[in-house]
Protein chains: 2
Amino acid sequence: MRDSVEEAISLLGYVPNQAARSLVTRRSGSVALVISEPESEVFSDPFFATIVRGVGDELAELDLDLVLMMARHAGRHDRIVRYAHNGHVDGVLLLAMHGDDPLPGLLHSAGIPVVLGGRPVNLSDEWTFVDIDNVGGARLAVEHLLRRGCRRIATIAGPQDMGSGRARLGGYRTAIEAAGTQAEIIEYGDFSQAGGERAMRRLLETHPDVDAVFAASDRMALGAMTALKAAGRRIPGDVAVVGFDDSEASRFSEPPLTSVHQSTDEMSRRMVRLLQARMDGDQARTSVILPTHLVARSSS
Amino acid sequence: MRDSVEEAISLLGYVPNQAARSLVTRRSGSVALVISEPESEVFSDPFFATIVRGVGDELAELDLDLVLMMARHAGRHDRIVRYAHNGHVDGVLLLAMHGDDPLPGLLHSAGIPVVLGGRPVNLSDEWTFVDIDNVGGARLAVEHLLRRGCRRIATIAGPQDMGSGRARLGGYRTAIEAAGTQAEIIEYGDFSQAGGERAMRRLLETHPDVDAVFAASDRMALGAMTALKAAGRRIPGDVAVVGFDDSEASRFSEPPLTSVHQSTDEMSRRMVRLLQARMDGDQARTSVILPTHLVARSSS
DNA sequence: ATGAAAGCGCTAACAG
DNA sequence: CTGTTAGCGCTTTCAT
């Protein structure tokens with residue numbers, strides 16, 4: 001009897017109507033991952049690929065669907081808020097927030113569970129976020145350079161409207177000040193390889209005597225090394241980098257290079273777990289900061 | 001009176017319930033863009049970035065939301081079919097189909113409007129697709145090399161389980177045969193830069209006398225040039241490439257290079273338009289093949 | 001245990 | 001043109 005029904009189901013290709021189900025359960029069974037960057041940026045930063053994969057896997061395990069949205073410009077914000085508010089998704093993961101991004105506020109006041117990836121610059125008490133220890137990571141890298149005897153360590157800092165950019169610069173500053181052996185040398189980039197290249201060129205011009213560079217992202221470090229090679233220059237110390245996932249480490253084939261590693265998979269996992277808690281009604285603010293660790297390669 | 005209602009709406013933050021609306025209208029207001037590649041691939045090929053942006057813009061104009069899904073492995077197929085079948089989306093755009101991908105069949109038999117980006121290898125009559133003229137583009141490129149006097153033109157072909165890979169190899173073969181001046185020289189890559197590099201190295205080993213290379217993708221061309229430079233080799237003729245969007249052209253800064261351009265934006269536009277037609281009940285099979293054009297740079 | 005019925009929030013069709 | 005109502009396909013509650 002049950003079998004004959006099952007048979008009919010597959011015969012007619014019956015599938016429960018999600019809209020009807022949502023109407024009564026008030027759940028959609030999907031979660032949005034919103035990245036506050038233009039497509040070109042999203043698709044050129046390997047960090048996002050790893051996060052998307054990780055989050056997708058975690059959600060699949062909970063039988064939740066992943067909806068990926070990119071918020072290139074503010075015009076898209078309305079769409080996204082509407083989409084979430086409509087009941088299309090049960091929660092939102094927000095990545096790569098910039099300074100005064102209104103998105104988390106809008107979503108929050110619409111009563112939608114939100115978890116941020118990366119501590120935002122203007123941290124409001126209500127937010128739940130997952131971040132890696134950017135300050136600590138940067139400090140680790142710079143302290144390593146100091147220990148190696150470098151006394152003219154420059155940094156290629158990231159955008160200062162982003163939490164990670166600020167934190168990494170903060171870590172550099174703390175380490176430099178604590179050492180008391182030199183003044184800060186700072187150039188800014190936008191986390192991209194091209195930005196790192198430009199910053200390195202400026203650095204070589206304004207401070208030709210730098211003996212080490214701390215880059216605030218893997219792609220900027222790559223750019224810095226390209227610029228050094230193109231200029232036929234070597235710096236006696238090292239290029240160090242943070243913001244660097246294990247899986248990407250292989251791109252840096254040639255030493256000298258010291259890097260600070262983070263686990264992007266762990267970040268995905270935590271974000272999903274926190275979101276799930278929020279969706280289950282847990283209102284506790286329980287943000288997480290993940291540790292980083294230094295991987296130093298010996299200079300050739 | 002109306003005003004007081006509007007006021008109450010914004011006061012209470014009322015938003016129409018999409019589930020209830022869908023239940024009666026049988027429309028969800030969103031469209032899925034499914035890419036049959038793992039995240040790492042999707043996020044490293046600039047082609048996808050451009051398509052996603054283009055499709056997103058086109059859909060926004062029609063007031064439709066874009067849901068991006070990546071089908072890394074077959075395990076994800078069920079999820080995607082279920083997601084679409086559930087009524088979550090009104091239609092599906094499928095990108096980067098591989099040989100025997102069951103996805104279009106599954107979706108089609110579930111009665112979901114589907115438009116393919118790129119002519120699939122096993123083309124069934126029911127499919128609607130948008131493609132660029134890969135055969136013509138490849139022919140164009142190879143004919144150009146022949147016209148320049150090259151007589152040992154190799155190709156770095158793409159994966160043969162993909163329509164574009166096969167078509168571009170087909171165009172190369174047609175041109176070489178028609179000229180009757182040489183035999184085919186073929187190495188295969190996977191459309192990636194690393195694949196192009198490996199293929200070029202094999203080529204230099206097995207056919208050290210090649211005087212031109214036709215690469216079946218921009219990234220493989222980039223890889224080929226890297227391999228050539230690393231080997232300290234120059235080929236007298238040219239490296240030509242297809243599958244190359246205008247916006248990416250700038251990456252190829254150094255001649256000699258001839259490229260065949262396509263308009264990715266136009267492709268996005270057509271895909272969305274065709275899908276819209278299908279969603280409006282138009283059952284006509286009206287696939288589109290977009291023209292390509294050659295851009296030759298003079299050798300330095 | 002199994003079965004009947006109410007109702008989720010909206011749209012569309014129909015009356016007034 | 002405005003107002004009322006049936007019903008979309010489920011889940012959950014309540015009665016049998």
Side-chain angles (χ1 to χ4, degrees), chain A residues 1-32 59-60 62-67 78-92 106-113 275-276 278-282, chain B residues 1-32 59-60 62-67 78-92 106-113 275-276 278-282:
Chain A
M1 186 163 301
R2 183 195 185 90
D3 285 354
S4 68
V5 175
E6 302 268 23
E7 197 184 310
I9 286 178
S10 65
L11 195 73
L12 303 174
Y14 166 84
V15 172
N17 181 318
Q18 178 60 32
R21 177 177 284 169
S22 286
L23 190 55
V24 50
T25 60
R26 334 208 105 248
R27 286 244 166 179
S28 69
S30 36
V31 162
L59 289 175
L62 301 174
D63 206 39
L64 289 167
D65 289 304
L66 170 62
V67 172
D78 300 343
R79 272 203 106 68
I80 288 168
V81 173
R82 196 188 66 186
Y83 191 84
H85 204 163
N86 265 347
H88 267 299
V89 294
D90 300 330
V92 175
L106 290 169
L107 292 168
H108 185 85
S109 59
I112 299 155
L275 186 65
Q276 195 193 7
R278 298 229 102 175
M279 296 189 322
D280 289 349
D282 184 350
Chain B
M1 188 162 302
R2 184 195 185 89
D3 286 354
S4 69
V5 175
E6 302 269 23
E7 198 183 309
I9 286 178
S10 64
L11 195 72
L12 303 175
Y14 166 84
V15 172
N17 181 318
Q18 179 60 31
R21 178 178 283 169
S22 287
L23 190 55
V24 48
T25 59
R26 335 208 105 251
R27 287 241 166 182
S28 70
S30 35
V31 163
L59 289 175
L62 301 174
D63 206 38
L64 289 168
D65 289 305
L66 171 61
V67 172
D78 300 343
R79 270 204 107 68
I80 288 168
V81 173
R82 195 189 68 186
Y83 191 83
H85 204 163
N86 264 347
H88 266 299
V89 294
D90 301 328
V92 175
L106 290 168
L107 292 169
H108 186 83
S109 60
I112 299 155
L275 185 64
Q276 194 193 9
R278 298 229 103 174
M279 294 190 323
D280 289 348
D282 184 352

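Chain naming here is simple, since letters A, B, ... match the order of the sequence lines and numbering starts at 1 in each.
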Spacing between [X] atom [atom1] and [N] atom [atom2], to the nearest angstrom:
{"X": "B:Q18", "N": "D:dC10", "atom1": "CD", "atom2": "C1'", "result": "17 Å"}
{"X": "B:N17", "N": "D:dC10", "atom1": "CG", "atom2": "P", "result": "16 Å"}
{"X": "A:R26", "N": "D:dT12", "atom1": "CZ", "atom2": "P", "result": "12 Å"}
{"X": "B:L23", "N": "D:dC8", "atom1": "CG", "atom2": "C1'", "result": "4 Å"}
{"X": "B:R21", "N": "D:dG7", "atom1": "CZ", "atom2": "C1'", "result": "17 Å"}

Applying side chain to side chain contact (heavy atoms under 4.5 Å, CB included) between B:Q276 and each of B:L59, B:L64, B:L62, report the one that passes.
-> B:L62

Value rounded to 0.5 Å, distance of NE2 in B:H88 from NE2 in A:H88 | 9.0 Å

CG-CG distance between B:D282 and B:L275, expressed to the nearest 0.5 angstrom | 11.5 Å

Nearest listed nucleotide, side chain of A:T25, among D:dC8, D:dT11, D:dC10 | D:dT11

So the stems of DNA chain D, runs of at least three Watson-Crick or G-U pairs (under 3.5 Å), are C:3-16 with D:1-14

Give the first and the last nucleotide of DNA chain C, reading 5' to 3', that has any atom under 4.0 Å from a heavy atom of chain A.
-> C:dC8 to C:dG9

Would you say A:V92 and A:Y83 make side-chain contact, with heavy atoms under 4.5 Å?
-> no

Heavy-atom check, side chain of A:D63 versus side chain of B:R79, under 4.5 Å = yes

Give the table of side-chain donor-acceptor pairs shorter than 3.5 Å for residues 8-20 of chain B, with sequence neighbours excluded, one pair per line with atom names and distance.
{"from": "B:S10", "atom 1": "OG", "to": "B:E7", "atom 2": "O", "distance (Å)": "3.1"}
{"from": "B:N17", "atom 1": "OD1", "to": "B:A19", "atom 2": "N", "distance (Å)": "2.7"}
{"from": "B:N17", "atom 1": "OD1", "to": "B:A20", "atom 2": "N", "distance (Å)": "3.0"}
{"from": "B:Q18", "atom 1": "NE2", "to": "B:S22", "atom 2": "OG", "distance (Å)": "3.1"}
{"from": "B:Q18", "atom 1": "NE2", "to": "B:S28", "atom 2": "O", "distance (Å)": "3.0"}

Donor-acceptor pair, side chain of A:R21 and main chain of A:R27, under 3.5 angstrom = no

Any donor-acceptor N/O pair, A:D90 side chain to A:V31 backbone, under 3.5 Å | no

